[in-house]
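To keep things clear, I will list the structure first and then write my remarks on it.
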Protein chains: 2
Amino acid sequence: MLTGNESAELVVLSLLAEGESYGYQLTKDAAGRSEGHLRLTPGVLYPLLRQLENEGLITSSWDAVRAEDSDEGAEGRKRKWYRLSPKGKRRLGQRVAAYESLRKVIDAFVGVRPREEGSR
Amino acid sequence: MLTGNESAELVVLSLLAEGESYGYQLTKDAAGRSEGHLRLTPGVLYPLLRQLENEGLITSSWDAVRAEDSDEGAEGRKRKWYRLSPKGKRRLGQRVAAYESLRKVIDAFVGVRPREEGSR
DNA sequence: GACGGATATATCGCGTGCCGATATATTGTC
DNA sequence: GACAATATATCGGCACGCGATATATCCGTC
């Protein structure tokens with residue numbers, strides 16, 4: 001549930017606002033932080049990251065995860081690190097504002113429930 | 001924005017929890033209550049009402065809006081009134097709970113923002 | 001040294017469902 | 001008699017979410 005792109009974007013930007021990270025890590029963080037309710041699947045995450053980068057909201061770079069005992073060209077495993085750009089920070093602010101506004105709207109309805117328990 | 005069926009359902013059930021209503025009215029109420037942010041368009045509303053009725057969450061009946069000076073079979077304008085069924089009340093409770101849980105999940109990310117304003 | 005599972009990134013395409021466009025009828029008003 | 005508001009309803013194209021799938025490295029262990 002809630003793997004809709006809108007909320008996914010909010011979540012990814014939020015996580016990156018706490019510090020740089022990479023895809024797989026984001027997946028784990030999302031699941032952990034939400035007690036498993038939020039499953040950021042590859043099919044959702046990677047297209048989203050690409051899109052965010054295209055929009056200039058995040059930047060990325062490849063870094064060898066271990067350059068130990070490498071002989072020469074052997075680079076071994078690499079990870080693609082993502083970090084939030086200034087533009088991304090701004091966007092996050094907007095998204096958070098939008099979320100809070102949406103929440104206010106929904107509350108305007110949900111909050112008005114007439115009776116918590118039917119009296120009969 | 002937010003014309004997604006999930007939230008639309010929540011809103012319609014909430015409005016009907018306050019008393020019976022009809023389609024056009026629901027449209028107006030939704031817009032009014034949310035200061036225009038929530039546009040419950042016909043394309044969204046009527047399919048939704050139909051679906052809700054099929055699921056037994058709401059019931060409906062046609063009522064002539066004015067039976068004045070009618071001659072005989074002339075029924076004039078009619079309105080389709082909807083009201084929440086007991087099952088619908090239960091569903092509303094579930095939806096509200098789901099919404100609140102979702103909100104908690106999002107807050108788990110959004111709330112942790114490191115810095116409100118970048119220090120530079 | 002090979003097998004399996006975890007780590008890690010990435011793409012593709014199809015099924016679904018959103019909602020804009022559209023249709024129809026009545027009422028009010030100028 | 002024309003136009004706007006009221007009122008309900010359907011339809012289908014196009015968008016896109018995301019499951020399935022592919023690829024590669026790393027590590028433990030037998």
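Computed from a predicted structure; not experimentally measured.
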Please tabulate, one pair per line, each protein N/O and nucleotide N/O from nucleotides 4-6 of chain D that are separated by under 3.5 Å, including the distance.
residue	atom	partner	partner atom	Å
D:dT6	OP2	B:Tyr24	OH	2.7
D:dT6	O5'	B:Tyr24	OH	3.4
D:dT6	O2	B:Arg77	NH1	2.8
D:dT6	O2	B:Arg77	NH2	3.2

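Using a 4.0 Å heavy-atom criterion, one finds that B:Trp62 contacts the sugar-phosphate atoms exclusively.
Looking only at distances, no side-chain donor or acceptor of A:Ser21 sits under 3.5 Å from a matching main-chain atom of A:Gln25. Of the possible polar contacts, none joining the B:Ser60 side chain to the B:Tyr82 backbone as a donor-acceptor pair under 3.5 Å is found.
Straight-line distance from the CG atom of A:Leu45 to the P atom of C:dA10: 9 Å, rounded to whole Å. One atom, CD of A:Glu6, and another, C1' of D:dA15, lie 15 Å apart when rounded to the nearest Å. If you measure from atom CG of A:Leu40 to atom P of C:dA10, you get 14 Å, rounded to the nearest angstrom. Atom OH of B:Tyr46 is separated from atom C1' of C:dA21 by 16 Å (rounded to the nearest Å). What separates CG of A:Asn5 from P of D:dG17 is a distance of 4 Å, to the nearest Å. Across the protein-nucleic acid pair, B:Asp63 atom CG and D:dA7 atom C1' stand 14 Å apart, rounded to whole Å. With rounding to whole Å, B:Lys78 atom NZ is found 13 Å from D:dT8 atom C1'. A straight line from CD of A:Gln25 to C1' of C:dA6 spans 14 Å, rounded to a whole angstrom.
Using a cut-off of 4.0 Å between Lys/Arg side-chain N and Asp/Glu carboxylate O, A:Arg95 and A:Glu6 are scored as not salt-bridged. Using a 4.0 Å cut-off between a side-chain N of Lys or Arg and a carboxylate O of Asp or Glu, B:Glu9 and B:Arg91 qualify as a salt bridge. Look at B:Asp63 and B:Arg77 and you find no salt bridge, because none of the NZ, NE, NH1 or NH2 atoms lies under 4.0 Å from a carboxylate O. Salt bridge status for A:Arg50 with A:Glu55: absent, with no side-chain N to carboxylate O gap under 4.0 Å.
Residues from residues 48-58 of chain B with heavy atoms under 4.0 angstrom of DNA chain C: there are none.
Note on A:Leu26 and A:Trp81: separate hydrophobic clusters, where clusters join Ile, Leu, Val, Met, Phe, Trp and Tyr whose side-chain heavy atoms are under 4.5 Å apart, directly or indirectly.
A donor-acceptor contact closer than 3.5 angstrom links the side chains of A:Ser61 and A:Arg83.
The OG1 atom of A:Thr59 sits 11.5 Å away from the CG atom of A:Leu52 when rounded to the nearest 0.5 Å.
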